[in-house]
Protein chains: 2
Amino acid sequence: MTFDTPTSTILYTIEETIKAYRKLCAKNIAEVIPDITVDQGLILIILHKNNSLTQMELANLVFKDYASITRILKLMEDKGYISKKIDTKDKRRSSVTITAKGEKAIAQLTPIIVLNRKTALQGITEPELIQLFDTLKKITQNCTN
Amino acid sequence: MTFDTPTSTILYTIEETIKAYRKLCAKNIAEVIPDITVDQGLILIILHKNNSLTQMELANLVFKDYASITRILKLMEDKGYISKKIDTKDKRRSSVTITAKGEKAIAQLTPIIVLNRKTALQGITEPELIQLFDTLKKITQNCTN
DNA sequence: CATAATTATTTGATATATCAAATAATAATT
DNA sequence: AATTATTATTTGATATATCAAATAATTATG
């Protein structure tokens, strides 16, 4: 395949990067907790940073579809990492919280996640990262308007 | 959720961007050809730029797993967009080519893809893109070593 | 207050991702 | 040449993505 200008290849390159990163994460996570996926790990971390979210709030934070969240949480609940309680004020909602097992998993995951980021971003300067962040935000904005 | 430094959020932002972009693509593609997915469209374009690829070659070009390629091609073949022929020199291989219907679809897709890219990259300068490309390549490299 | 509109979650159907194992063909080795 | 190793693709199992429709609860409106 021939790529003439960076314009024609950038978005393709973003896909390449995210896949490479996810593969790295999956590999390192599997070494400490084999039954947690990358997405499930991310959800645990997000829940940890916020106390008790509804599924919609959670979905928006991790850029996932509500249907996906329902299914992912089901698996996580079956494995005992989280629990769901129906909100007493609004019975449509369920608030998602982390179990003791989930907290233990987070403790194991945290250093891995730090390592993954460090590995992925090795040799990249702070201004470079800020620039990357900025450009990506612009693209996201362009796509959602 | 709290993000302190860009370092802790960049890879999360990449996910956000790629999802926003794929959503835009899906929407615009569906308007001209409802039964082609973003991935199937990409595969058609890649096949168009190269004449007759094996599945492994194709998989590597689109950063997909061989198993995924098998299944995606099956659907595309069922819908008549591509055809697979077993390689006479090496009967393990199959060479994938585009049908007339596939070529017609490409003609319809091409302007959409151009539009999608233009939309996504609106207001982003050439040096900015080159920088983005460069940083992403570094990250990919870091993740695959 | 009853009905309609909206909201949060679930379920069904289909597409894609990933790993591991299975198949089948080719290449390398003894 | 027979056996072994490697390669290309497929299949099975499970996870996630996405849209549409279904549920169930809440809010708004006449």
Side-chain angles (χ1 to χ4, degrees), chain A residues 15-16 18-31 33-44 52-60 62-79 81-82 84-96, chain B residues 15-16 18-31 33-44 52-60 62-79 81-82 84-96:
Chain A
E15 282 262 10
E16 183 183 21
I18 203 70
K19 286 191 182 180
Y21 178 63
R22 289 181 71 90
K23 192 162 274 182
L24 171 75
C25 291
K27 184 172 150 287
N28 289 337
I29 289 173
E31 278 174 20
I33 316 182
D35 78 343
I36 280 186
T37 67
V38 176
D39 294 290
Q40 292 171 14
L42 173 63
I43 286 174
L44 277 182
S52 153
L53 296 168
T54 67
Q55 295 189 199
M56 288 186 74
E57 290 166 338
L58 180 58
N60 294 327
V62 297
F63 317 123
K64 285 182 190 296
D65 194 86
Y66 305 139
S68 295
I69 288 292
T70 295
R71 282 153 184 152
I72 295 173
L73 290 181
K74 176 76 171 62
L75 293 175
M76 293 176 75
E77 199 177 17
D78 290 349
K79 287 185 286 192
Y81 290 109
I82 58 125
K84 286 168 60 170
K85 290 180 216 37
I86 290 170
D87 189 316
T88 46
K89 308 248 160 128
D90 184 341
K91 288 178 203 148
R92 287 170 304 181
R93 300 184 184 180
S94 62
S95 81
V96 184
Chain B
E15 282 263 11
E16 182 183 23
I18 202 69
K19 286 192 181 176
Y21 178 63
R22 288 182 72 89
K23 193 161 273 182
L24 171 75
C25 290
K27 183 172 151 287
N28 289 337
I29 289 173
E31 277 172 20
I33 315 181
D35 78 343
I36 280 185
T37 67
V38 175
D39 294 289
Q40 291 171 15
L42 173 63
I43 285 173
L44 276 182
S52 154
L53 295 169
T54 66
Q55 294 188 200
M56 287 185 75
E57 289 166 340
L58 180 57
N60 293 327
V62 296
F63 317 122
K64 284 181 191 297
D65 193 86
Y66 305 139
S68 295
I69 287 293
T70 294
R71 282 153 184 151
I72 296 173
L73 291 181
K74 176 75 172 63
L75 294 175
M76 293 177 75
E77 197 177 18
D78 290 348
K79 288 185 286 193
Y81 291 109
I82 57 125
K84 285 168 60 170
K85 289 178 216 42
I86 290 169
D87 189 317
T88 47
K89 309 248 161 130
D90 183 342
K91 286 174 204 153
R92 288 170 304 184
R93 300 184 184 182
S94 61
S95 80
V96 184

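Throughout, protein chains are lettered first and strands after them, A, B, ... in sequence-line order, and every chain is numbered starting at 1.
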Under 4.0 Å, counting only non-hydrogen atoms across every strand here, what does [X] touch: a base, just sugar-phosphate, or nothing?
{"X": "Arg22(A)", "result": "nothing"}
{"X": "Lys27(B)", "result": "nothing"}
{"X": "Thr37(B)", "result": "sugar-phosphate"}
{"X": "Ser68(B)", "result": "base"}
{"X": "Leu75(B)", "result": "sugar-phosphate"}
{"X": "Lys89(B)", "result": "sugar-phosphate"}
{"X": "Ile72(A)", "result": "sugar-phosphate"}
{"X": "Lys74(B)", "result": "nothing"}

Separation of atom [atom1] in [X] from atom [atom2] in [N], rounded to whole Å:
{"X": "Ile29(A)", "N": "dC19(C)", "atom1": "CD1", "atom2": "C1'", "answer": "16 Å"}
{"X": "Glu15(B)", "N": "dA17(D)", "atom1": "CD", "atom2": "C1'", "answer": "12 Å"}
{"X": "Asp65(A)", "N": "dT18(D)", "atom1": "CG", "atom2": "P", "answer": "6 Å"}
{"X": "Lys79(B)", "N": "dT14(C)", "atom1": "NZ", "atom2": "P", "answer": "12 Å"}
{"X": "Ile82(B)", "N": "dT9(D)", "atom1": "CD1", "atom2": "P", "answer": "12 Å"}
{"X": "Tyr66(A)", "N": "dA21(D)", "atom1": "OH", "atom2": "P", "answer": "18 Å"}
{"X": "Leu58(A)", "N": "dT10(C)", "atom1": "CG", "atom2": "P", "answer": "12 Å"}
{"X": "Glu57(B)", "N": "dT7(D)", "atom1": "CD", "atom2": "P", "answer": "15 Å"}

* To do: Would you kindly compare Asp87(B) and Lys64(B) by the position of their nearest DNA chain C nucleotide and give the one closer to the 5′ end?
  =>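 Final value for this comparison: Lys64(B).
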* DNA chain C: Lys19(A) or Ala67(A), which has the more 5' nearest nucleotide? ->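 Mapping each residue to its closest nucleotide by heavy atoms, the 5'-most match is Ala67(A).
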* Asked: In a check of side-chain hydrogen bond (donor to acceptor under 3.5 Å, both in side chains) between Gln55(B) and each of Lys64(B), Arg93(B), Lys84(B), which one passes?
  ->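 Single pass found, and it is Lys84(B).
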Hey, are the side chains of [X] and [Y] touching, using non-hydrogen atoms and a 4.5 Å cut-off?
{"X": "Glu77(B)", "Y": "Leu73(B)", "answer": "no"}
{"X": "Val96(B)", "Y": "Glu57(B)", "answer": "no"}
{"X": "Tyr81(B)", "Y": "Asp35(B)", "answer": "yes"}
{"X": "Lys74(B)", "Y": "Asp78(B)", "answer": "yes"}

Taking the minimum atom-to-atom distance to the side chain of [X], which one of [options] wins?
{"X": "Lys91(A)", "options": "dT11(D), dT26(D), dC19(D)", "answer": "dT26(D)"}
{"X": "Arg93(A)", "options": "dT26(D), dT16(D), dA8(C)", "answer": "dA8(C)"}
{"X": "Arg92(B)", "options": "dT9(C), dA15(C), dT7(D)", "answer": "dT7(D)"}

* Spatial distance of atom CG (Leu42(A)) from atom CZ (Arg22(A)) [nearest 0.5 Å] ->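 The distance works out to 8.5 Å.
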* In the structure shown, which nucleotide is the Watson-Crick or G-U wobble counterpart of dT30(C), with both distances under 3.5 Å? ->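 Its partner is dA1(D) (Watson-Crick or G-U wobble, both distances under 3.5 Å).
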* Residue whose nearest DNA chain D nucleotide is more 5′ - Met56(B) or Asp39(A) ->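 Here Met56(B) is the residue nearer the 5' end.
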* To do: Indicate whether OP1 or OP2 belonging to dT16(D) is found under 4.0 Å from a side-chain N or O atom of Arg71(A).
  =>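 So the side chain of Arg71(A) is outside the cut-off, no N or O lying under 4.0 Å from OP1 or OP2 of dT16(D).
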